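The basis for the numbers below is simple: all heavy atoms, side chains too, and nothing from hydrogens, waters or symmetry mates. Lettering follows sequence order; numbering is per chain, from 1. Bear in mind the structure is a predicted one, so any value in this text is a computation, not a measurement.
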Amino acid sequence: MNVCVASLCKAKQLEKAEIVIVDGIRIGLQPDVVTYNTLIAAYCRFVGIDAGYSILHRMKDAGINPDVITYNALIAGATRYSLLSKCLDLFDEMLEMRILPDIWSYNTLMNCFFKFGKPDEAYRVFQDILLKNISVHSATFNILINGLCMNGYTENALMLFRSLKCHGFIPQLVTYNILIHGLCKSGRGNVAREFLNELVELGHIPNAITYTTVMKCCFRYRQFEEGLKIFAEMRNKGYTYDAFAYCTVASMLLKTGRITEANEYLGYIITSGFTIDIVSFNTIFNLYCKEGQLDNAYTLLYEAENGGLESDKYTHAILIDGLCRTGNFQEAQQQLNRMSVTGFDSNLVAWNSFINGLCKTGQLDYATHIFESMDTRDSVSYSTMVRGLCQARRFRAASKLLLSCIRGGMNILKSDKRIVIDGLRSCGLTHEARKVQSKIQMAKLLHY
DNA sequence: CGGATGGCGC
């Protein structure tokens, strides 16, 4: 029965799995801890953490005690849904129940801390593993390397990787995938390339994840044709069994103005029978919004939501950008305000999109007002405003903003700084231009 | 029976 339940759960057929269990009970087979653990993992993955909990209760009611695997599945579920405190509670609960955590409990907890941007605490978990003399799993190192990369410690991740190799650790394909991704994200595409060669030399065969990662890396460095070549190779090898890579390609095409081609690839997503999840939906939705087909976009959104797809912060940001592009600033503003009441606040990208739209249409005072009322701002917010002010030839205001951005420890693009300085000069404000330049230099010295 | 890697927005 357990084998059957497991394979149904893997295939997301939870109702069928439940039927098998009921049938089993009818012929005298009682579900055991393995059956429940399988169910808990599947419910956490496909339905939600509460669904996982309800199985836990069912299990306890049936007189079966949870074990370490039960808790690991729940902790992983809590991590998936970004519930840090729930992870910690579960870990404590496990200890209280005198269930000894295994390496995977620690791995999962460590991964959870990394995911929440708490690398120090994650590292403490790792030290705990060593202290308690629990033998590590290769995944422990993979999680460490990934966590370090994702939290801006790419250099440390590289050092760890190299020292592990010296100690006889044989990197797996996942290890390379993680490293390549991390290196690319931190702007070290050249090192990523080296690792791509290395993994092949070591006899690994790149998988769909490797291809998608490398392809995105190419796009990041504006090597579009190179990336498309990788995609073609990936398709030839039959590695496009999901929409992941198609989304990357389509959004690159859209961003570079190759609308017709983007349309083509999105067509594949729709006709290939892939499950349209929120990410692929957003990619398609973005096409309609960028083309200014807001009516079609709304229809699509309506249909998707009726079909049970839940929009996320990406959906909202795309919509707001679309509304701005079509000049519907009032509706964009309303949507933004609605967003903050429905829990999508801190959607900085959407707000940035809005001020960008306002700046592009010369509504600088309105943009400034919004910018000042935002509770958080990032370097994009500043860049957008700075560029907008320069375009309106309000160079003094732009330089003031630029300096306050730098004082806040945020860095904006060199080209944006250039625009301000050149602008000041073009107005004959040579003295101010020089002042800004020296302040930028000073900030550089102080920060690095 | 669980647990690590890839896709979308300014």
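Distance, A/Leu319 CG to B/dG9 P: 15 Å, rounded to whole Å. Between the P atom of B/dC1 and the CZ atom of A/Arg45 lies a distance of 14 Å, rounded to the nearest Å. For the pair A/Tyr239 OH and B/dG7 C1', the computed distance is 18 Å after rounding to whole Å. Taking atom CG on A/Asn142 and atom P on B/dG6, their separation rounds to 12 Å, with Å as the unit. Here B/dA4 presents its P atom at 14 Å from CE of A/Met150, a figure rounded to the nearest Å.
Annotation: salt bridge (charged side-chain N to carboxylate O under 4.0 Å, His left out) contacts involving residues 173-187 of chain A, sequence neighbours excluded, are absent. The list of disulfide (SG to SG under 2.5 Å) pairs with a residue in residues 56-117 of chain A, not counting sequence neighbours, is empty. Screening residues 44-58 of chain A for side chain to side chain donor-acceptor pair (under 3.5 Å) gives A/Glu18-A/Arg58 as the qualifying pairs, with residues at least two apart or on separate chains. Applying the salt bridge (charged side-chain N to carboxylate O under 4.0 Å, His left out) rule to pairs touching residues 231-247 of chain A yields A/Glu233-A/Lys237, sequence neighbours excluded. Applying the side chain to side chain donor-acceptor pair (under 3.5 Å) test to residues at least two apart or on different chains, the pairs with a partner in residues 271-287 of chain A are A/Asp277-A/Ser280, A/Asn282-A/Asp312, A/Asn282-A/Thr315, A/Asn286-A/Lys290. Annotation: side chain to side chain donor-acceptor pair (under 3.5 Å) contacts involving residues 84-94 of chain A, sequence neighbours excluded, comprise A/Tyr71-A/Glu93.
Phosphate proximity of B/dC8 to A/Lys216: present, with a side-chain N or O under 4.0 Å from OP1 or OP2. Proximity of A/Lys313 to the phosphate of B/dG9: no side-chain N or O atom is located under 4.0 Å from OP1 or OP2. Between A/His181 and B/dT5 there is no side-chain N or O to OP1 or OP2 distance below 4.0 Å.
If you check every strand for non-hydrogen atoms under 4.0 Å, A/Thr38 touches sugar and phosphate atoms only. The residue A/Asn146 sits close only to the backbone: its heavy atoms come under 4.0 Å of sugar-phosphate atoms, none of a base. Residue contacts for A/Thr384: at a heavy-atom cut-off of 4.0 Å it reaches no nucleic acid atom on any strand shown. Nucleic acid contact class of A/Asp242 (heavy atoms, under 4.0 Å, all strands): base. As judged by a 4.0 angstrom heavy-atom cut-off over every strand, A/Lys10 is placed among residues making no nucleic acid contact. Nucleic acid contact for A/Ala245: none, since no nucleic acid atom lies under 4.0 Å from a heavy atom of the residue. When heavy atoms are screened at a 4.0 angstrom cut-off, A/Asn356 is found touching the sugar-phosphate backbone but no base atom. Within 4.0 Å of A/Ile143, counting heavy atoms only, lie sugar-phosphate atoms of the nucleic acid but no base atom. Residue contacts shown for A/Arg377 are absent, as no nucleic acid heavy atom lies under 4.0 Å away. If you check every strand for non-hydrogen atoms under 4.0 Å, A/Asp102 touches a base.
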Which pairs of donor and acceptor atoms, one on a side chain in residues 189-206 of chain A, lie under 3.5 Å apart (sequence neighbours left out)?
| from | atom 1 | to | atom 2 | distance (Å) |
| --- | --- | --- | --- | --- |
| A/Glu198 | OE2 | A/Lys165 | NZ | 2.6 |
| A/Glu198 | OE2 | A/Tyr176 | OH | 2.5 |
| A/His204 | NE2 | A/Pro171 | O | 2.9 |

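Near DNA chain B, meaning a heavy atom under 4.0 Å from it, residues 222-236 of chain A has no residue at all. For DNA chain B, the residues of residues 266-292 of chain A within the heavy-atom distance limit of 4.0 Å (strictly under) are A/Asp277, A/Val279, A/Ser280, A/Asn282, A/Thr283, A/Asn286, A/Lys290, sorted by number. For the segment residues 200-211 of chain A, the set of residues with a heavy atom within less than 4.0 Å of an atom of DNA chain B comprises A/Ala208, A/Ile209, in numerical order.
Partners of A/Cys184 according to the disulfide bond (SG atoms under 2.5 Å apart) rule, which considers only residues two or more places apart in sequence or in another chain, are A/Cys217. Partners of A/Gln127 under the side chain to side chain contact (heavy atoms under 4.5 Å, CB included) rule, at least two apart in sequence or in another chain, are A/Tyr123, A/Arg124.
Aromatic stacking of A/Phe244 on B/dG6: satisfied, with centres closer than 5.5 Å and planes within an angle under 30 degrees.
In this structure, A/Glu155 pairs ionically with A/Arg188, as a charged nitrogen and a carboxylate oxygen lie closer than 4.0 Å. Under the 4.0 Å criterion applied to side-chain N and carboxylate O atoms, A/Glu121 and A/Lys115 are not assigned as salt-bridge partners.
Remark: side-chain polar atoms of A/Asp67 are not paired, donor with acceptor, to backbone N or O of A/Val33 under 3.5 angstrom.
Comparing B/dG7, B/dG6, B/dC10 against the side chain of A/Thr213 picks out B/dG6 as the nearest. Closest to the side chain of A/Val34, out of B/dG9, B/dC1, B/dG6, is B/dC1.
Inspection of the A/Asn356 and A/Thr384 side chains reveals no N or O donor paired with an N or O acceptor under 3.5 Å.
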